[in-house]
Protein chains: 2
Amino acid sequence: MPGRYKSSSVTLKTIAQAAGLDVSTVSRVLSGTPDEVSRAASPATAAAVRDWAQRLGYHPNPHAKSLRTARSNLIGVLVPRLSDMVLATIYEGVEDAGARNGLATFVMNTYDRPAEQRARIDLALSRHVDGLILGDAHRDAVVLDEVAARGVPFVLVSRYASKYPSVTCDDYLGGSLVAEHFLDLGHVKVGVVAGESFASTGVDRSSGFVDTYRKAGIEVLTVNSAFDARGGHEAAEYLIKQAPNLTAIFAVNDFAAIGVLGAVRDAGLRPGRDIAVAGYNDTQLAAELPLPLTSVRSPLHTMGTRALELLVSVLRGQNPSSERLAPELVIRESTLLHVRNS
Amino acid sequence: MPGRYKSSSVTLKTIAQAAGLDVSTVSRVLSGTPDEVSRAASPATAAAVRDWAQRLGYHPNPHAKSLRTARSNLIGVLVPRLSDMVLATIYEGVEDAGARNGLATFVMNTYDRPAEQRARIDLALSRHVDGLILGDAHRDAVVLDEVAARGVPFVLVSRYASKYPSVTCDDYLGGSLVAEHFLDLGHVKVGVVAGESFASTGVDRSSGFVDTYRKAGIEVLTVNSAFDARGGHEAAEYLIKQAPNLTAIFAVNDFAAIGVLGAVRDAGLRPGRDIAVAGYNDTQLAAELPLPLTSVRSPLHTMGTRALELLVSVLRGQNPSSERLAPELVIRESTLLHVRNS
DNA sequence: ACGATTGTCCCAAACGTTTGGGTATGGTTA
DNA sequence: TAACCATACCCAAACGTTTGGGACAATCGT
């Protein structure tokens, strides 16, 4: 009865009966390699089968398929927080690439808490994922070592750790780009809002920055922080109290940078004018802020897609090489007003 | 061989053999109702089974279970964009509640494009989801009507449409709260950045606002926009050009509001001081902006959890009633400076 | 002391696939 | 014309569950 297909209860058997064939033949036609199908049925029969499948609206039952083949075509993704736009954008990339590769994906938050990481990994494994993409790796790779010991295929994204395959941005370079920019502008009293010490992103961005300044013979004030606006706010408050003569602050994350802007203003200083501010990731927001924010653009979406593809190659058994994508400095007013002014 | 469990190939049969029982008994003990288990095995046997399951690290194979029961315990979630923090936060709520209810969830972007919506819904159905949560409903419920016609259980979240079950924020009320606030402050020349006309959120927020002003005998300038910073920026540019004497703008979304702040500044005006600005959703960012943003707090996470729970009740066959959660106005400097100044 | 009841468990079919084997039929080859 | 070989199929088992229906004791009521 065409025109009324509820929950797609048309199976191989339905088609087999319609076409007067065996389910095995139908199966081979519908999901075999070109080679298999030619061995399984005559061209005419194959066409008929495909026609029936089309007409009946056949969709293979993924559970039956997974049960039989012991492959779920399912990938679990762990992130610190999905409501962090950075991770959400990366996940969009993962999801996109997954769809293109016939892999379903799902995300879970771990809030950067090892206990949650373990719990979520167990959950993913109980769903029989084929592999994991971890966006929440800590530098001490203890949870990762556990996963690896269990033989679960996985790749890292955004952050790297130990020598596990990863797709990251060249954060060290990104940090040094900001430092060079600041040096060009003549800033000698500068601070870094360095993010969390367990994340390679924050660490690399800040050490790229610090090292570059050090090469110029200048020491930099550094303070760790959460990766969000509040974290940036608090960190900047601290920096300004420690060194009231600061003229520039690099926050390793756009949201932290926004917090920095707030703290600067709260200190009675003019963001951008009295204290230059730069962020990282070049979020949508950066360009649209009342004070457009200088930021390092990192290819978030691409990182996601490349991570998925890297995982695919791991699943194929190829031994994978980590990838480090290039960042790009985007200069905006938040670091330009000071110069004009001095 | 304990200590070496790779991909959890311990099945009911493994346990049955270990305990010297039949798989059916083990199954009933492990996943029957208390009633069933007591009918299936003696307390001692049941304990032994559970003990073996524990010791062997048994995890039921979800594919086998789904195949057998024709229920996947899988929920598909559609959102316009996951990198929109608002939707990401709602999804976090969905995911949380899903985990609590033994339901797996996954999200997909539709970019508010009907073609994508249909494609993603098909994709979800081909994964045999038990139900859908749609965060991207359009007011003309044409895609929704199609889904309903196919008999797929679904609920809406964030936006409502037609008379489909939904969990939303009382956006009309939210808009009117802002209007009352603006009226209190004495603003008579005001504009609204109204969001997309196909989304109930934008429409309700702006009409709540407009109606309240109209009751006070004041007409309001309104312009539609995208829900992001750039959209807010462009819309505010337009408003300011149309009515240079504007003293307050309500943007139906925090990100749009940030764009508005930028546009105000670009127009050579002082945000907050020359033009008061209010947003919606009370995003993390709102409080931390250099100019803290007055915003309407909507219970995003809760909306997500309630939506999942509503879907659960739909799946149980109970006929569900939509839920409208209360918003709350959070007043900050972006609407306060003007007053002090006048 | 007999049938009825209960407690404890097992058997077997089914869900929709995939896949390693068949087995007819017809056409070539020697 | 017998042996052979493709071609075009089909059979049946298996993946790990769930679930309706037994089966076999021991216990009970009378």
Practice problem: Strictly below 4.0 Å, heavy-atom distances to any atom of DNA chain C: list the hits from residues 25-45 of chain A, or just say none. | Solution: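 Result for residues 25-45 of chain A: A:Ser27, A:Arg28, A:Ser31, sorted by number.
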Quiz item: Taking only residues two or more places apart in sequence, or in another chain, which ones meet B:Arg118 in a side-chain contact (heavy atoms from CB on, under 4.5 Å)?
Solution: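 B:Arg118: side-chain contact (heavy atoms from CB on, under 4.5 Å) contacts with B:Pro114, B:Val142, B:Val143, B:Glu146.
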Quiz item: Quick one: side-chain contact (heavy atoms from CB on, under 4.5 Å) partners of A:Thr201, sequence neighbours excluded?
Solution: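 Checked A:Thr201 against side-chain contact (heavy atoms from CB on, under 4.5 Å); matches are A:Ser158, A:Arg159, A:Asp171, A:Ala199, A:Arg205, A:Phe227.
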Quiz item: Could you give all pairs that pass the side-chain hydrogen bond (donor to acceptor under 3.5 Å, both in side chains) test and reach residues 76-91 of chain A, with sequence neighbours left out?
Solution: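 Sorted pair list: A:Arg81-A:Ser83, A:Arg81-B:Glu92, A:Ser83-B:Glu92, A:Tyr91-A:Thr105.
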Quiz item: Between B:Asp35 and B:Arg28, is the closest basic N to carboxylate O distance under 4.0 Å?
Solution: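 No, this pair does not count.
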Quiz item: Salt bridge check: are B:Glu309 and B:Arg306 linked by an N-O gap of less than 4.0 Å?
Solution: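 B:Arg306 and B:Glu309: salt-bridged.
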Sequence neighbours excluded, which residues qualify as side chain to side chain donor-acceptor pair (under 3.5 Å) partners of [X]?
X	answer
B:Ser24	B:Asp22
A:Asp51	A:Arg55
B:Arg139	none

Quiz prompt | Over 12 foreign heavy atoms within 6.0 Å of CZ, A:Arg324 | solution =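 Not buried by this count: 12 neighbours or fewer within 6.0 Å.
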Exercise. List in chain and number order the residues that pass ring-ring contact (aromatic ring centres under 6.0 Å, His included) with B:Tyr160, two or more places apart in sequence or in another chain; answer none if no residue qualifies.
Key: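 For B:Tyr160, no residue satisfies ring-ring contact (aromatic ring centres under 6.0 Å, His included) once neighbours in sequence are set aside.
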Self-check item: All ring-ring contact (aromatic ring centres under 6.0 Å, His included) counterparts of B:Phe154, not counting sequence neighbours
Solution: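 Result, ring-ring contact (aromatic ring centres under 6.0 Å, His included) vs B:Phe154: B:Tyr164.
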Quiz item: Earliest and latest nucleotide of DNA chain C, 5' to 3', sitting under 4.0 Å from a non-hydrogen atom of chain B?
Solution: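 So the outermost contacting nucleotides come out as C:dT8 to C:dG16.
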Exercise. Please state how far atom CG in B:Leu21 lies from atom P in D:dA23, giving the value in whole angstrom units.
Key: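 B:Leu21 atom CG is separated from D:dA23 atom P by 20 Å.
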Quiz item: Going by heavy atoms closer than 4.0 Å, what residues in residues 60-76 of chain A are next to DNA chain D?
Solution: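 The answer is A:Leu67, A:Arg68.
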Exercise. Look up atom NE2 in B:His63 and atom OG in B:Ser72, then write down how far apart they are to the nearest 0.5 Å.
Key: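 With rounding to 0.5 Å, NE2 (B:His63) is 10.5 Å from OG (B:Ser72).
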Practice problem: Compute the angle between the rotation axes at the two ends of the helix from C:dA1-D:dT30 to C:dA30-D:dT1, each taken over five pairs, rounded to 10 degrees. | Solution: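 Here the local axes at opposite ends form an angle of 50°.
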